[in-house]
K.L.:
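Structure incoming, see below.
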There are 2 protein chains.
Amino acid sequence: MLGGLAAERRDMDVSNEGVSVLDQMVPVSRRTLHDELVGRIRDLIIEGHLAPESRIHEGQLGQALGVSRTPLREALKFLASEGLIELVPGRGAVVRRLTPRDVRDMLDVLAALETTAARLACRRASDAEIASLRRLHDEMMGYYATRTRLEYFKRNQAFHAGLATLSGNAFLAATHEGIQSRLRRIRFVGSDAPDKWAGAVAEHEEMVQALEARDADRLAAVIARHLEATWIRVQDVM
Amino acid sequence: MLGGLAAERRDMDVSNEGVSVLDQMVPVSRRTLHDELVGRIRDLIIEGHLAPESRIHEGQLGQALGVSRTPLREALKFLASEGLIELVPGRGAVVRRLTPRDVRDMLDVLAALETTAARLACRRASDAEIASLRRLHDEMMGYYATRTRLEYFKRNQAFHAGLATLSGNAFLAATHEGIQSRLRRIRFVGSDAPDKWAGAVAEHEEMVQALEARDADRLAAVIARHLEATWIRVQDVM
DNA sequence: CGCAAGAATGCTGTATGCAGGATGACAGGA
DNA sequence: TCCTGTCATCCTGCATACAGCATTCTTGCG
């Protein structure tokens, strides 16, 4: 999902001086079957309903989803490019298993992207944008207090995505989002024990403070530490 | 093309002590129609035979390539996920145009990845690996001397890809490769005047030296400077 | 003469059919 | 008992067919 550069930028364009309403009108987003299928299958994989290493039976899955093989196959090719599945000639699509090494590598890339985003965000994010990230963080804290795992986790992901967006670099944000979605399952099962959350919450708090102070170096350092800790938290579930 | 994590790692495993030949045997690579089409269409776009903003006529292109619409459409979905084309509901595939902003954003991400790769490479690359990158650089210098543009350009790309590989992080290398291929066309037309090469060549020389000295900070700095210069070189062709 | 509504054409999106290769079972032989 | 070769079945890969929507041309009206 590295696409949609222009589309995403449009949402971030806040200044509309001298621009007609027509120009900033977003096309009605018709949910196509393609998008629907890609989303559904991606969720099936991320949520673990399609096990790693398992082959995807086109006829079966197509029937289950109520579509013919053609659009289903097209969706599978799309997901293959994202790296979620692997296309084996003559044997179809296989759900890719993330090795510990893969996860480690991806976290390193994520760290590179997030620290870069952090430095950019410290420079160019508006106070309002930073405040909205702070609100997101506070929400997350609320769910942490009540141990509401799924909602806590969602805010956590949204926080990191939001930080990437604040960089003002839409391509960076899109790339970050793609990697984060691939790591979602691993990170979710890795956050099973609420006592593991404490460290992450503290790091998030520090990140918000650094961002509010626009202290780029400190923010980058915290992020690096945060992802290193994520690696440790996640390691034993693989 | 963020896929192929495991596959790419295999190539880098050089030590084969106590390992049977069977274990390191690479499966016969059957070039599927899918791969063939993806490669061909990608090249058509990157080389400019399919103009930006232009719609891709499935019947037409299919006939030109000698395949039916089904595998062609599947290849298009694949490329859409890479971001080369955009899928417009009811109107098919459109070649995406890179705005200056897109290019700038992508170069920033490329810089983040390459500097990260550089630091890793300084730590873990073997002397032999560094030497082979030096050879690649020397080859490039040869083509620079004779102003052999295409070959020069290819070595240039290979050099950066090689640096990413030396990081030992296969995912980073794959991500880097994906971005670099999308920028290939713009960088190629941006290198039309040989007098522009001089700076790039000098920077490459400095990069090799820094890598040989395993001076991570210096290497990262040169890379950042190099990509900043790339942005300037490329700007006026857009 | 310009514009708009409608029809015709062409293209995309989806379903289905068919051929070739993969998978698994089973029998015969070492 | 285990291995190997053969056969049946199933599934994938590709082609083709058809329905519905976009686009464009044409025609009628202002």
Side-chain angles (χ1 to χ4, degrees), chain A residues 3-4 7 22 25-42 44-45 50-82 84-96, chain B residues 3-4 7 20 22 25-42 44-45 50-81 84-96:
Chain A
L22 294 172
M25 190 128 59
V26 169
V28 286
S29 71
R30 297 190 305 182
R31 188 139 188 81
T32 63
L33 182 57
H34 173 82
D35 291 339
E36 182 74 28
L37 282 177
V38 167
R40 292 281 288 276
I41 301 172
R42 192 193 286 120
L44 286 177
I45 294 174
L50 291 175
E53 309 274 291
S54 70
R55 284 178 60 176
I56 294 179
H57 194 295
E58 295 174 357
Q60 210 164 297
L61 183 57
Q63 197 163 13
L65 294 172
V67 296
S68 83
R69 285 178 53 218
T70 307
L72 179 70
R73 281 177 60 87
E74 292 180 354
L76 289 178
K77 304 284 180 183
F78 194 92
L79 291 170
S81 179
E82 285 184 15
L84 275 166
I85 61 182
E86 194 172 353
L87 297 174
V88 184
R91 294 204 294 164
V94 177
V95 180
R96 172 166 283 153
Chain B
S20 137
L22 294 171
M25 190 128 61
V26 169
V28 287
S29 72
R30 300 191 302 185
R31 189 141 186 79
T32 63
L33 183 56
H34 173 80
D35 292 338
E36 182 74 29
L37 282 177
V38 168
R40 292 281 289 276
I41 301 172
R42 193 191 287 119
L44 286 177
I45 295 173
L50 291 174
E53 310 273 289
S54 71
R55 284 178 60 176
I56 294 180
H57 194 295
E58 295 175 359
Q60 209 164 298
L61 183 58
Q63 198 163 12
L65 294 171
V67 296
S68 82
R69 286 178 52 219
T70 307
L72 178 71
R73 281 177 60 87
E74 292 178 354
L76 289 177
K77 304 284 179 183
F78 194 93
L79 291 170
S81 179
L84 275 167
I85 60 182
E86 194 172 354
L87 297 174
V88 184
R91 294 204 295 165
V94 177
V95 180
R96 172 166 285 153

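The basis for the numbers below is simple: all heavy atoms, side chains too, and nothing from hydrogens, waters or symmetry mates. Every chain is numbered from 1, with letters handed out A, B, ... down the list of sequences.
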K.L.:
Is the side chain of A/R55 donor-acceptor paired with the backbone N or O of A/R91 at a distance under 3.5 Å, no angle test?
P.N.:
yes
K.L.:
Give a yes or no on whether the backbone of B/F78 and the side-chain of B/S81 come within a donor-acceptor separation of less than 3.5 Å.
P.N.:
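Pair absent, no side-chain N/O of B/S81 close to backbone of B/F78.
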K.L.:
Once you round it to whole Å, what is the distance between C1' of D/dG13 and CZ of A/R69?
P.N.:
8 Å
K.L.:
Using atom CD of B/E58 as one end and atom P of D/dA22 as the other, report the distance to the nearest whole Å.
P.N.:
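That distance rounds to 15 Å.
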K.L.:
What's the CG-P distance between B/L61 and C/dG10, to the nearest Å?
P.N.:
19 Å
K.L.:
Strictly distance-based, threshold 3.5 Å: is any side-chain N or O of B/R42 a donor or acceptor partner for the main-chain N or O of B/L79?
P.N.:
no
K.L.:
I need the CG-P distance between A/L72 and C/dT14, as an integer number of Å.
P.N.:
12 Å
K.L.:
Within a 6.0 Å radius of atom CD on B/Q63, are there more than 12 heavy atoms belonging to other residues, nucleotides or ligands?
P.N.:
no
K.L.:
For the side chain of B/R73, starting at C-beta, report the closest nucleotide among D/dA15, C/dT12, C/dA15.
P.N.:
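Closest nucleotide among those given: C/dT12.
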K.L.:
Please tell me which of the listed nucleotides, D/dA15, C/dG10, C/dA15, lies nearest to the side chain of B/H57?
P.N.:
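Per side-chain heavy atoms of B/H57, the pick is C/dG10.
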K.L.:
Within the 4.5 Å heavy-atom criterion, are B/V95 and B/L84 side-chain neighbours or not?
P.N.:
no
K.L.:
Output the rounded distance in Å from CD (B/Q63) to P (C/dG10).
P.N.:
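The answer, rounded to whole Å, is 14 Å.
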K.L.:
With a 4.0 Å cutoff (strictly under), does any side-chain N or O of A/R91 reach OP1 or OP2 of C/dG21?
P.N.:
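Answer is no, no contact under 4.0 Å.
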K.L.:
Check the distance between C/dA15's P and A/L65's CG and give it to me in whole angstrom.
P.N.:
11 Å
K.L.:
Distance check: side-chain N/O of A/H34 vs OP1/OP2 of C/dG13, anything under 4.0 Å?
P.N.:
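False: A/H34 side-chain N/O out of range (4.0 Å or more) of C/dG13 OP1/OP2.
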K.L.:
Would you kindly compare A/L33 and A/R55 by the position of their nearest DNA chain C nucleotide and give the one closer to the 5′ end?
P.N.:
A/L33
K.L.:
In whole Å, I'd like the distance from the CD1 atom of A/I85 to the P atom of D/dT12.
P.N.:
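Value for this atom pair: 12 Å.
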K.L.:
When the distance from CG of A/L76 to C1' of D/dC11 is rounded to whole Å, what number comes out?
P.N.:
14 Å
K.L.:
Heavy-atom nearest nucleotide on DNA chain C for B/I56 versus A/T70: which residue maps closer to 5'?
P.N.:
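Taking each residue's closest nucleotide, the earlier one in sequence belongs to B/I56.
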